[in-house]
Amino acid sequence: MIVRLYATLPRSRKEVELLGHQSLRSGTSVAAHIREASRARSDAEFCSKINGALQEADESQLWVEFLREDCGIGGDAIKRLHQETDEPIAMFVTMARNTKRNAG
């Protein structure tokens with residue numbers, strides 16, 4: 001969804017281009033961390049990758065908030081994207097906590 005949102009942003013505005021690029025970078029990084037976590041060789045490595053995904057998801061949400069609140073980018077896509085970032089953040093917190101608890 002982040003890629004589609006980025007493709008629709010008005011890049012004529014420098015601040016929108018910058019924030020859009022940041023959201024694209026961090027949003028796609030979430031997927032990379034999750035893929036790496038799925039191939040983890042230990043609980044510690046899994047937690048590290050999940051925590052990386054958590055940080056990137058939180059950062060993605062920040063950039064989306066800036067686009068929405070400071071740049072006035074509206075519409076259903078950005079609203080839905082902002083709401084949808086809450087779910088993976090909560091999941092990543094739970095996954096890391098449960099893995100640490102079960103490992104220890």
### Task
Show which residues join M1 in its hydrophobic cluster (side-chain heavy-atom contacts under 4.5 Å, direct or indirect), or state none.
I2, V3, L5, Y6, L9, V16, L19, L24, L62, W63, V64, F66, L67, I73, I78, L81

### Task
Output yes when a side-chain donor or acceptor of N51 lies under 3.5 Å from a complementary backbone atom of C47, and no otherwise.
yes

### Message
Quick check: do Q61 and I89 have side-chain heavy atoms less than 4.5 Å from each other?
### Response
yes

### Message
R97 vs T94, test: side-chain contact (heavy atoms from CB on, under 4.5 Å). Steps then yes/no.
### Response
CA-CA 5 Å; R97 184 177 37 231; T94 300; 3.7 Å; yes

### Query
Going from CD1 on I34 to CZ on R39, what distance comes out if it is rounded to the nearest 0.5 angstrom?
12.0 Å

### Message
Run M95 and F46 through side-chain contact (heavy atoms from CB on, under 4.5 Å) and show every step you take.
### Response
CA-CA 9 Å; M95 291 168 73; F46 178 81; 3.6 Å; yes

### Query
Who pairs with R41 by salt bridge (Lys or Arg N to Asp or Glu O under 4.0 Å), at least two apart in sequence or on another chain?
E45

### Task
Quick one: which residue pairs count as a salt bridge (charged side-chain N to carboxylate O under 4.0 Å, His left out) with a foot in residues 14-23, not counting sequence neighbours?
R11-E17, R13-E15

### Task
Could you pull out the closest heavy-atom pair between S23 and S60, with the gap in Å?
O-OG, 4.2 Å

### Query
Excluding sequence neighbours, so at least two apart, what forms side-chain contact (heavy atoms from CB on, under 4.5 Å) with A44?
S42

### Query
What pairs meet the salt bridge (charged side-chain N to carboxylate O under 4.0 Å, His left out) rule with one or both residues in residues 64-80, with sequence neighbours excluded?
none

### Task
State which residues pass salt bridge (Lys or Arg N to Asp or Glu O under 4.0 Å) with E84; sequence neighbours excluded, sorted by chain then number.
none

### Task
Mind running side-chain contact (heavy atoms from CB on, under 4.5 Å) on E56 and R25 for me, showing each step along the way?
CA-CA 9 Å; E56 294 293 342; R25 185 203 53 76; 3.5 Å; yes

